[in-house]
Amino acid sequence: MIKPNMNYGRLKESYLFFRIAQKTKEYLKNNPEKKLLRLGIGDVSLPLCDAVIKALHKAVDDQSSKETFHGYMPECGAPFLRETISCYYKNRGVNIDSEEVFVSSGASDELGDILDLFDRSSSALVIEPSYPAYVDANIMAGREIIHLNSDQKNGFLPLPDKSLKADLIYICSPNNPTGAVYNKKQLKQWVDFANGNGAIILFDAAYEAFIEDDELPHSIFEIEGARTCAIEICSLSKTAGFTGTRLGYTVISKDLKRNGMSLNSMWVRNRTTKTNGVSYIIQRGAEAVFGDEGQTQIKQNIQFYKDNAKILTETLDEMNIWYTGGKNAPYIWMKCPDKYSSWEFFDLLLNNAQIVATPGEGFGKCGEGYIRFSTFGSREDTLKASEKLKELLHSIQ
Ligand code: PLP
């Protein structure tokens, strides 16, 4: 009889969003007249911008005639998009060759697939609280996971020390769920650590477009030494509302080698075996994100979410509540008032203010005592939630 991958039995029940859904359903059943203010979602609420819609329509028309029709696309990405993304990096002073850019169907797909490049005996270091997929993808692959806790003292931005041992290092900056962002000096410490130990950093830059402070790095490749120790995984999901359209990109430099093997060449071999490329139509839509019109329009959408963040953080500032994020990231990570666990505060928000947030404990044990607010919701919900949050915090102080 075939033996399944028994590592699946080691996965914890993915109970976070399930439990949130159950609790909200129960609340609405008992309170049908109430409207919920949804600040728990990680999905965007604004539609694709005009420049992308125009490009998508045009690409659909291209597929209607023999002269402009495209069949299978190159597995590693269309040259026009690889070139466009390479220029996006160049405009920020980072030299990335177009052959170092791989077009994907999204960051989630890549975060799982990229593990094909590494031996199962390699260990993975996950900085917690973290995006749950890092842990689960490595459990499925049967890899040892080293959990590195972060906390309020280090601003949820822990740094490496000599006692750490890890082969793969996950860094998500700007971070989901905490919204914290590493500066260049801090990232340099991780790069030096990885180069010094032969480790590889998997840098998740899904929220880079939300960075507004000029001195903060958008890419690990802004750090000297990263070309020999890092892979960057990026996505247009939050940058340009591509959550349902699906497009991401991964950067693997040609200088990244281990045991005499080029990781870039290995990934080319992997993609040409396991994919037949991303849809022509979607790649044309993605190209438009990087054009002048697209950049102006996506920045307007991002600003909308940032204004939501401002509404919430002003309330927290006024109430003297500790939080990270909100400024250079679309998430706000708030310390729950004393004596409340993440889930207790979740219940209080739901029952007394009709706000749905995400309990920090769902992102790892050290997220206990915190709650995450997403700024991707509607303006109306955000404004009402901010008022109700203020009333609630006053009532329990
Ligand atoms: N990485 C992080 C940190 C995320 O928060 C998300 C989505 O929420 C993803 C990756 C997945 O992005 P994609 O939609 O491109 O699969």
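FYI, side chains are in, hydrogens and waters are out, and symmetry mates aren't considered; it's all heavy atoms of this structure. Whatever order the structure lists ligands and atoms in, that order sets their numbers, starting from 1.
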Would you mind writing out a table of all protein N or O atoms found under 3.5 Å from any N or O atom of ligand 1, naming both atoms and giving the distance to 0.1 Å?
from: ligand 1; atom 1: 1 (N); to: D204; atom 2: OD1; distance (Å): 3.4
from: ligand 1; atom 1: 1 (N); to: D204; atom 2: OD2; distance (Å): 2.6
from: ligand 1; atom 1: 5 (O); to: N176; atom 2: ND2; distance (Å): 2.7
from: ligand 1; atom 1: 5 (O); to: Y207; atom 2: OH; distance (Å): 2.6
from: ligand 1; atom 1: 8 (O); to: Y207; atom 2: OH; distance (Å): 3.3
from: ligand 1; atom 1: 8 (O); to: K238; atom 2: NZ; distance (Å): 2.8
from: ligand 1; atom 1: 14 (O); to: S237; atom 2: OG; distance (Å): 2.6
from: ligand 1; atom 1: 14 (O); to: R246; atom 2: NH1; distance (Å): 3.0
from: ligand 1; atom 1: 15 (O); to: A107; atom 2: N; distance (Å): 2.7
from: ligand 1; atom 1: 15 (O); to: S235; atom 2: OG; distance (Å): 2.7
from: ligand 1; atom 1: 15 (O); to: S237; atom 2: OG; distance (Å): 3.3
from: ligand 1; atom 1: 16 (O); to: A107; atom 2: N; distance (Å): 3.4
from: ligand 1; atom 1: 16 (O); to: S108; atom 2: N; distance (Å): 2.9
from: ligand 1; atom 1: 16 (O); to: S108; atom 2: OG; distance (Å): 3.2
from: ligand 1; atom 1: 16 (O); to: R246; atom 2: NH2; distance (Å): 2.8

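Looking only at distances, a side-chain donor or acceptor of D167 sits under 3.5 Å from a matching main-chain atom of S123.
Scanning for side chain to side chain contact (heavy atoms under 4.5 Å, CB included) contacts around N154 gives S150, D151, P158, with sequence neighbours left out. For K390, the side chain to side chain contact (heavy atoms under 4.5 Å, CB included) test picks out T315, E318, M319, H394, with sequence neighbours left out.
For the residue pair R82 and V103, the shortest heavy atom distance occurs at CG-CG2, 4.1 Å.
Seen from the ring of F304, R379 counts as a face-on cation partner, given the 6.0 Å and 45° thresholds.
I311 belongs to a hydrophobic cluster whose other members, connected by ILVMFWY side-chain contacts under 4.5 Å either directly or through intermediates, are L383.
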